[in-house]
Each structure stands twice: as C-alpha cells, then as structure tokens.
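Note sheet for the following structure.
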There are 2 protein chains.
Amino acid sequence: METRELRYFVAVAEELHFGRAAERLGIAQPPLSRAIQQLERRLGAALLDRTSRTVTLTEAGSVLLAEGRAALDAVEAAERRTRRAALASAGRPGLVLVTKASASRELLAELLDAYAAEPGAVPVDVILCGPAEQERFLREGRADVALLHRPFDSTAGFHTEELGTEGQVVVLPAGHPLTVRTHVHMADITGLPGLPLPRWPCADGTYQPGPGPQVRDHAQLLQLVALGRACAVSPESCRAQLHSDLAAVPVLDAPKVTTVIAWPPHSRSRAVADLVRTATRLR
Amino acid sequence: METRELRYFVAVAEELHFGRAAERLGIAQPPLSRAIQQLERRLGAALLDRTSRTVTLTEAGSVLLAEGRAALDAVEAAERRTRRAALASAGRPGLVLVTKASASRELLAELLDAYAAEPGAVPVDVILCGPAEQERFLREGRADVALLHRPFDSTAGFHTEELGTEGQVVVLPAGHPLTVRTHVHMADITGLPGLPLPRWPCADGTYQPGPGPQVRDHAQLLQLVALGRACAVSPESCRAQLHSDLAAVPVLDAPKVTTVIAWPPHSRSRAVADLVRTATRLR
DNA sequence: GGCAGCGATACCATCCGGGTATCGATCCGG
DNA sequence: CCGGATCGATACCCGGATGGTATCGCTGCC
C-alpha cells in the first residue's frame, strides 16, 4: 500500500464524499474513484458502501481509517525527524519539548536548568500547547519529548518515566463558602449551584454535549472561575499561578495526577536520553 | 514520502550496498540509485555517505532507518488489520492472540476458558512464538492481542493491563548441590562452574558475543539444563512444565516478572475489549 | 598499471496516475 | 410523475514517473 493511496482513502473516509475529498486533495474526482477501487481490489475488501447518493464506511473501512491515520502519522514523523536530524548534524542541534501551557511550570523550569548544566547539553525549544495536543506533537515528530499528565493524557505508544505525583485541588472564586474548608470531597463540588465543572475538547476538537462551559485552556478556565461561572479541579501545582481572586481547597478523593516525561520509541538521540536521565534524577 | 521510497531506503540502509539492495527489491541498481537521490533531494538531507567503495549511514540516515521501519510496520499493520476486519465481517470473525511458547500456560488456559464463556465471544486463534517475537506480531498486525512479560518484553507502543506478578526460580539439573536449598540469590548462581546462564537472541536475531550457550526458545533451554550444560532463571510458573530431571529453586533477588495483556492502540474491536476485560477480571 | 567492483549517468520503453467529457442512478421539487 | 440536479462510475487521452540496458568514472588491490 502506498501512502498516496492511504491519504486518498483517509480523505474520502473523512468527507464521505468523493467530490469534496478530491477537492481537498487537489485532484479531480474520477482518478480518486479509481484509486479507491484499486485499493479495494488489492485489499480484497470493500471499504465503502456507495449508494450513488451516500457513502458510508464498512467495518473494514473504519479499521483502515483508524490504522491508516496512525500509519500516515508514522510516515510523516519519520520524515520530520529525519529533517530535524539533518539540521541537527549540520550544526543546529536542539531538542523540542512540548507541554501543556498550564502545567508543571516549576518542574519544567527546574528540569531545563538541570539539563542545561549537564555536559553536552543542547538548546531546548519549549512548545506550549493546549491540553491533549502534546500527544499529537510527539507522534507527528514535531517534538522530541513531552511532559504528560496521567490520567488526562494517554501515554500509549511512547516510552515514559514518571517524574512525580500530586493531588488535586478545587479552584474556587475567593470568598466562596467552601474556601474556609481545609479539604473537600468530589461529592461536595459536583453540582455546586452556579459553579459547574467545565467541559474540555475531545481529541478531535469537538465538545461532548452536556452542561458546563466549554474551555480551551487553563487560563480561560481560571478566568471563568474568577468570574464566578465555573469551578475547576486541577493539580495542586497550579496554586502557584493563582491570583488573589481565586482560592484552592484540596480534594481528597480526586484522582492523583502523575507527571511523566514521554518520548517516541525509536528515538536514538543522545540529547533525549540525557534529558530523560536528568529528569529522573530530579525526582 | 511514499512507502516505496521508504522500502528502497530501508533496503539500502540495511545492506549498505546498492547492488544487493536492488537484487533484494527485485529491481535493477540504477533506478534504486536514482530513487535514493531523489529522496535525499526532497528531504534536503544526505542519508548515505557513498565513497564509491563503501556506503555508510549519515546521522539523518540512521534516524530514517529506525523511523522508516516503524512507519513501514504501521502501514503493513494497517493493511493486514483491514484484511482481517473484512474477513471478520464476512462471517469468520476471530481473534489472534500471540504469546511466548513457554510462558503463562495456566493463565492462558484460564483466560481462554473464561473468555469463551462470555456472551458474544468469538473464536480465538493462539500463536505461540519465540521470545521477543510477540511485539513484532502485534506491531505488524498479525495478531490482535499478546501476553507479554515485563521486564523482558517492551510494552512501548501498546495499551496494556497487568495480569499478575511472579518471582523467578533458577532451573538446575536434578541432583545439583544447590537444589537442596530453599532459596538462593543471584550471586549464588552467576558463574556456577559448567552451568553458565544462556544468551538469548536480540530483536534482530543475532547474539551478543560472550560466554554461555545460544538458545532460541525455552524448550531448548530446558534441554540444555537437563544435559548439565547451562542453568536458567525463569518465572516460577514454569515449574509446572519441568520434568523430574530438573529442579527449581526460588531466586530471592531476581527481578519480578509481570505478565501483561497488550493490544495495539487504535484497536476498535469489541472482541479485543471483551478479552481484555475478561483478563483483568481473572486477576 | 591493469583489473575488478561499485555507484552514477545517459538514454529508452512502458505503465500508471491524472485530466476532461460523459453516462447512469437516485433524490427532490413542482 | 416528470425533469433537473447531484454524485459516483466509465471511457479515453496525455504526460511524467518508474524501470530497464549500456556505459562511464572512481577506487582499491593484486
């Protein structure tokens, strides 16, 4: 199977419309139809049910959509990492670390300082991204290492080392009655009148239907809390970033959050290995 | 990047010889040279240093070799899983489970029985393979789930659930002086006169240089132990498979072995999910 | 210094991927 | 119930990419 065929199929499977898919791919519709037919012949499997009016995925088709996306990611990552390796050996070596914009600020600073002090350290570029985007950066070869937070981020497909575990706190507007408590439980804060828990985007950028405001990042969330429109359950370490108009109370039975450093398997880079070693030593 | 180009590059990178690589690929040498040049131009990176006498990998080249193999595996897996999905929906659904030939026999029997009793269970084919081959089967889409044994097998790139942990024993010829002991330590058994620990093949099928006999699987190993040519450190559960000419003694400070059930991310199969759920319940 | 081995280049044939025009089926509005 | 609109499939043609053969140029070695 050629990546071109996979790209074509993924486009059609996502659009469920040959015309739009062809447009997206920048080719005409007939060659696209032919390419898909040929792919189906070679696989010996129907991928799409076409009724000349609608296109739907077959069982095999949805498998190929999921697997094909992963395979295309892997090819793209191979390409990007090769380019980066070439740049690196041409004199501009450097690591790219990606982490959520909101989390582990202290840990990250500590890590970067400690690594920079190592012999043979290379410059580290830091990318700050929205929640759940780190995985994509790492998978697509845009970054060399990531700081992830279990259980929020999935670590499937990566090598990881645990860096630390922390409890969670509920962030409330200053002056809220609950802020006098030394601790609360989840039951105390679900369904607080006027302070719903927010909804985060799924991996595809859409939101589950339901109550609660939609938020894109942590800053936005804290804004909402300060405005008295939501409350938030966050890792303890976010306390360092809270203004005086916000208060935090430990939630005893919230799941513990584990910060891990993650990197792609097949990484043969000494710099990544050094950074990981530094990170585990800090722990 | 097309998979054809990747396959070509991987062949050359593995052979480090254009002529042999071309032969392996079933094409002539000139088109291969051209394809690699074109790939290098498009990536903007030298992948190979050619001195008209020898071919060596550049830094970027070895990155692309590692990443490219992974990407090709992913493409191949996508293809195979799609074919399997098509077969499954055409009336022959079934799971393929792969595990080491030597390990977890009881656990496996228990799991298969329990799963077969579930409503909606599908037939499970079991593949028994040599050590460290399970990962390949899973990655290449030849199997849907695997039983792996940490720390021997790497679980990188898969979703996993732990099924159980056990200690290790040293397997000795019956009558060996140490067999009267109730337990031993690693120090007691390294360098036993005439009973070296064996060497296992690496992922690429070659053996590290060093002392100790080369073994390919567990049966072969036990044979060697029975012949008084080696001793072996194995998970406790192997005791059930020992003949009377072999004896086992617990090794207190050997690393604990964890059996895990692993499956590829992107698996959308209900059967896999059911099997995993059954497995975790047994635990 | 001549020869053997190896990768690169030159040049040619072929096939495949892409484009345009058009068909056939289905849905929908009148 | 008919006609137009929409959409995927088919027919046919073209150009470029891919593969083959012949040969060159370099390098190491007897």
Side-chain angles (χ1 to χ4, degrees), chain A residues 1-62 64-65 68 71-72 75 79 86, chain B residues 1-62 64-65 68 71-72 75 79 86:
Chain A
M1 222 173 7
E2 290 302 312
T3 60
R4 184 179 47 79
E5 301 177 286
L6 263 185
R7 272 191 292 269
Y8 286 9
F9 172 75
V10 169
V12 176
E14 283 177 357
E15 300 283 349
L16 292 177
H17 190 292
F18 280 74
R20 279 195 300 274
E23 193 181 354
R24 196 173 109 185
L25 293 165
I27 65 172
Q29 169 259 318
L32 180 56
S33 287
R34 257 195 334 204
I36 302 292
Q37 285 173 34
Q38 189 175 320
L39 182 59
E40 288 180 311
R41 259 201 313 278
R42 271 219 292 265
L43 289 173
L47 300 172
L48 299 165
D49 282 325
R50 320 132 156 94
T51 65
S52 121
R53 219 42 209 175
T54 67
V55 175
T56 55
L57 283 171
T58 64
E59 195 58 35
S62 57
L64 186 59
L65 177 57
L72 288 177
V75 171
E79 195 166 334
Chain B
M1 221 172 9
E2 290 302 311
T3 59
R4 185 179 49 81
E5 301 177 288
L6 263 184
R7 272 190 292 269
Y8 286 8
F9 172 74
V10 169
V12 176
E14 284 177 357
E15 300 283 347
L16 292 178
H17 189 293
F18 280 74
R20 278 196 300 275
E23 193 180 353
R24 197 173 109 184
L25 292 166
I27 65 172
Q29 170 257 320
L32 180 57
S33 287
R34 256 191 338 202
I36 302 292
Q37 286 172 33
Q38 189 175 320
L39 181 60
E40 288 180 310
R41 257 199 315 276
R42 271 218 293 265
L43 288 173
L47 300 172
L48 300 165
D49 283 326
R50 322 148 166 75
T51 66
S52 122
R53 221 38 209 177
T54 67
V55 176
T56 55
L57 282 172
T58 63
E59 194 58 36
S62 58
L64 186 58
L65 177 58
L72 288 177
V75 172
E79 196 166 334

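First the proteins, then the strands, lettered A, B, ... as listed; each starts at 1.
Remark: B/Q37 is in phosphate contact with C/dT9, judged by side-chain N or O atoms under 4.0 Å from OP1 or OP2. Taking only side-chain nitrogens and oxygens, A/S33 comes nearer than 4.0 Å to OP1 or OP2 of D/dA9.
Annotation: proximity of residues 2-16 of chain B to DNA chain C (heavy atom, distance under 4.0 Å) is found for no residue.
Rounded to the nearest 0.5 angstrom, B/M1 CE and A/T3 OG1 are separated by 8.0 Å. To the nearest 0.5 Å, atoms CG (B/L57) and CG (B/L16) are separated by 5.5 Å.
The interatomic distance linking A/H17 (NE2) with D/dT6 (P) rounds to 10 Å, in whole Å. The distance between atom CZ of B/R50 and atom C1' of C/dG5, rounded to the nearest whole Å, is 17 Å. Residue B/L25 contributes atom CG, which lies 13 Å from atom P of C/dG7 at whole-angstrom precision. Protein atom CD of A/E40 is 13 Å distant from nucleotide atom P of D/dG8, rounded to whole Å. B/I36 places its CD1 atom 11 Å from the P atom of C/dG7, with the value rounded to the nearest Å. Separating the CG atom of B/L32 from the P atom of C/dT9 is a distance of 14 Å, rounded to the nearest angstrom. Separating the CD atom of B/E23 from the C1' atom of C/dG5 is a distance of 15 Å, rounded to the nearest angstrom. The distance from atom CD1 of A/I27 to atom P of D/dG16 is 18 Å, rounded to the nearest whole Å.
At distances below 3.5 Å, at least one donor-acceptor pair connects side-chain atoms of B/E40 with backbone N or O atoms of B/L48. Under the 3.5 Å distance criterion, the side-chain polar atoms of B/E2 are matched with a main-chain donor or acceptor of A/R4. Judged by distance alone, the side chain of B/Q29 and the main-chain N or O of B/G19 form no donor-acceptor pair under 3.5 Å.
Nearest nucleotide to the B/R34 side chain, out of C/dG18, C/dC11, D/dG8: C/dC11. Of the candidate nucleotides C/dC6, C/dA8, D/dA9, D/dA9 has the atom nearest to the side chain of A/F18.
In the displayed structure, B/E59 atom CD is contacted under 6.0 Å by at most 12 heavy atoms of other residues, nucleotides or ligands.
Scanning for salt bridge (Lys or Arg N to Asp or Glu O under 4.0 Å) contacts around A/E14 gives A/R24, A/R69, with sequence neighbours left out.
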In B/S/- notation, 5' to 3', how is nucleotides 21-27 of chain C contacted by protein heavy atoms closer than 4.0 Å?
-> B---BBS
Evaluate the side chain to side chain contact (heavy atoms under 4.5 Å, CB included) criterion for residues B/V75 and B/L6: first the C-alpha distance (whole Å), next the side-chain angles of each, then the deciding distance (0.1 Å), finally the verdict.
-> CA-CA 11 Å; B/V75 172; B/L6 263 184; over 6 Å; no
Under the side chain to side chain contact (heavy atoms under 4.5 Å, CB included) rule, what do B/V12 and B/L47 come out as? Steps first, then yes or no, please.
-> CA-CA 10 Å; B/V12 176; B/L47 300 172; over 6 Å; no
